[in-house]
Amino acid sequence: MNIFDKLFPGRARTAPPVASAEIAAKIEAQKAARAAAQARVDASGSKHKAALDALDAPGIVAAEAATALARAEVQVADHAIRELRAAHAEALQSERHAEFRADVAAAVRQGEQAKARLDAEYPDLAAALASVLSDLSAYAETADGLRNRARDLGETIDLPTVQPFLAGPQHWRASWPNPEGAHLGTIWGDVKDTPRGSIRWEDGKPVPAHEGVRIEPRQVESRLSVLKTISCLPGLRFGDADFWPPSKPVERFEPRGYIDRTRPRKVAPASALGLSPHDDPRRETER
């Protein structure tokens, strides 16, 4: 009989393999049984000494029998624990493999779903986004041209910012006379650090409130525009034109008349390769 039939009574042989968690629980149970058996070994030793002191021969025999049985139970528990630990390691390994195979299968399904969405949705989405990028690009080109013309003509123009939401809040810095003495120069800092009464706010902007105070705008931090961030929307398959920036489809080239010089020499059709020094008939006689 298999040791597992004793450790897991009533379990059918056709049942799935014992799980690692179930084996771990059985190991703990065997550890408890071993500890109890070892305690009986120690107790039997005390009874043996007491029977010996009492000159009780039947008591000595009974104590020795109890000790032998308890020691056998310790051996049984030790053997069961060793077998269970080996089975536990195998179960863990098997479960790791099963989990890995399940994850691979899930990844295959995930990839198939992603590919299906790409095939079904990407062309329309990319075309729509490319149309937006085309409008942004056309406006940027127009705006740059008008700014250059305005600069040449000495004009000032105010064109709309297409993506103002990308710009961070405007901040300012200020300078004010050193309160410990004008000979110590000025102090630069954030406008919120200026002495009380040094600035006032008009239309959401700080303005010097008295002489000696200067205010300068700090550079506005901003994220890259959509036009600069999306550098390419490629076609879905090889040979397809890119959605952005617009491009022509890649021409497919099928090589013909290829000669593999690592194999016995074969003359390729002249219509495929044309004349070549390698195909000069005179070289055949020289060989």
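Along the sequence shown, residues carry numbers from 1.
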Which pair of non-hydrogen atoms, one from L227 and one from S137, has the smallest distance, and what is that distance? CD2-CA, 3.7 Å
Does Q163 use its side chain to pair, donor to acceptor, with the backbone of V226 at less than 3.5 Å? yes
Between E202 and K205, does at least one N-O distance fall below 4.0 Å, as a salt bridge requires? no
Minimum heavy-atom separation for R218 and D190, please, with both atom names. NH1-OD2, 3.6 Å
Are the side chains of K115 and E112 in contact, using a 4.5 Å heavy-atom criterion? no
So do S198 and H210 actually touch side chain to side chain, heavy atoms under 4.5 Å? yes
How long is the span from the CG atom in L84 to the NE2 atom in H79, to the nearest 0.5 Å? 9.5 Å
Could you tell me which non-hydrogen atom of Q170 sits nearest to which non-hydrogen atom of P217, and how far apart they are? NE2-CB, 3.7 Å
Under a 4.5 Å side-chain heavy-atom rule over Ile, Leu, Val, Met, Phe, Trp and Tyr, are L236 and L133 clustered together? yes
I'd like to know whether CZ of R71 has more than 12 heavy-atom contacts from other residues, nucleotides or ligands below 6.0 angstrom. no
Assess whether a salt bridge exists between D144 and R147, defined as any Lys/Arg side-chain N lying under 4.0 Å from an Asp/Glu carboxylate O. yes
Any sub-3.5 Å donor-acceptor pair from S94's side-chain atoms to E90's backbone N or O? no
Under the side chain to side chain contact (heavy atoms under 4.5 Å, CB included) criterion, do T194 and W172 qualify, and how do the steps go? CA-CA 11 Å; T194 58; W172 294 266; over 6 Å; no
Could you check whether any side-chain heavy atom of V41 comes within less than 4.5 Å of a side-chain heavy atom of Q38, counting everything from C-beta outward? yes
I'd like to know if the side chain of R200 and the backbone of P208 have a donor-acceptor N/O pair within less than 3.5 Å. yes
Regarding Q93 and H97, is there a side-chain donor-to-acceptor distance under 3.5 Å anywhere? yes
Do V132 and Y122 share a hydrophobic cluster, counting only Ile, Leu, Val, Met, Phe, Trp and Tyr and linking them when any side-chain heavy atoms are less than 4.5 Å apart? yes
Gap between atom CZ of R149 and atom CD1 of I157 - 0.5 Å precision: 9.0 Å
Counting only N and O atoms by type, is there a donor-acceptor contact under 3.5 Å from the side chain of K26 to the main-chain atoms of L7? yes
Determine the minimum heavy-atom distance between A37 and V74, stating which atoms define it. CB-CG2, 3.6 Å
Heavy atoms from other residues, nucleotides or ligands near CD of E141 exceed 12 (cutoff 6.0 Å): no
Of all heavy-atom pairs linking C232 and D242, the shortest is SG-OD2, 4.2 Å
Is the shortest heavy-atom distance from the side chain of S134 to the side chain of F243 under 4.5 Å? no
Euclidean distance, I60 CD1 relative to H48 NE2, rounded to 0.5 Å: 5.5 Å
Closest heavy-atom pair and its distance - W244, A130: CE3-O, 3.9 Å
Could you state whether W188 and V213 fall into the same hydrophobic cluster, counting links through intermediate Ile, Leu, Val, Met, Phe, Trp or Tyr residues with side-chain heavy atoms under 4.5 angstrom apart? no
Would E99 and R96 count as a salt bridge (charged side-chain N to carboxylate O under 4.0 Å, His left out) here? Give the steps. CA-CA 5 Å; E99 181 182 7; R96 281 195 290 266; over 6 Å; no
Flag, side chain of T142 to backbone of A138, donor-acceptor distance under 3.5 Å: yes
Judged by atom type as modelled, is there a donor-acceptor pair below 3.5 Å linking the side chain of E73 to the main-chain atoms of R34? no
Inter-residue atom distance L125.CG - R117.CZ, 0.5 Å rounding: 8.0 Å
Between D119 and R237, is the closest basic N to carboxylate O distance under 4.0 Å? yes
Hey, does E83 have a side-chain heavy atom less than 4.5 Å from the side chain of I23? no
Roughly how far apart are D124 CG and L129 CG, rounded to 0.5 Å? 12.5 Å
Would you mind reporting whether W176 and I199 have side-chain heavy atoms less than 4.5 Å apart? no
How long is the straight-line distance from CD1 of I81 back to CD1 of I27, given to the nearest 0.5 Å? 8.0 Å
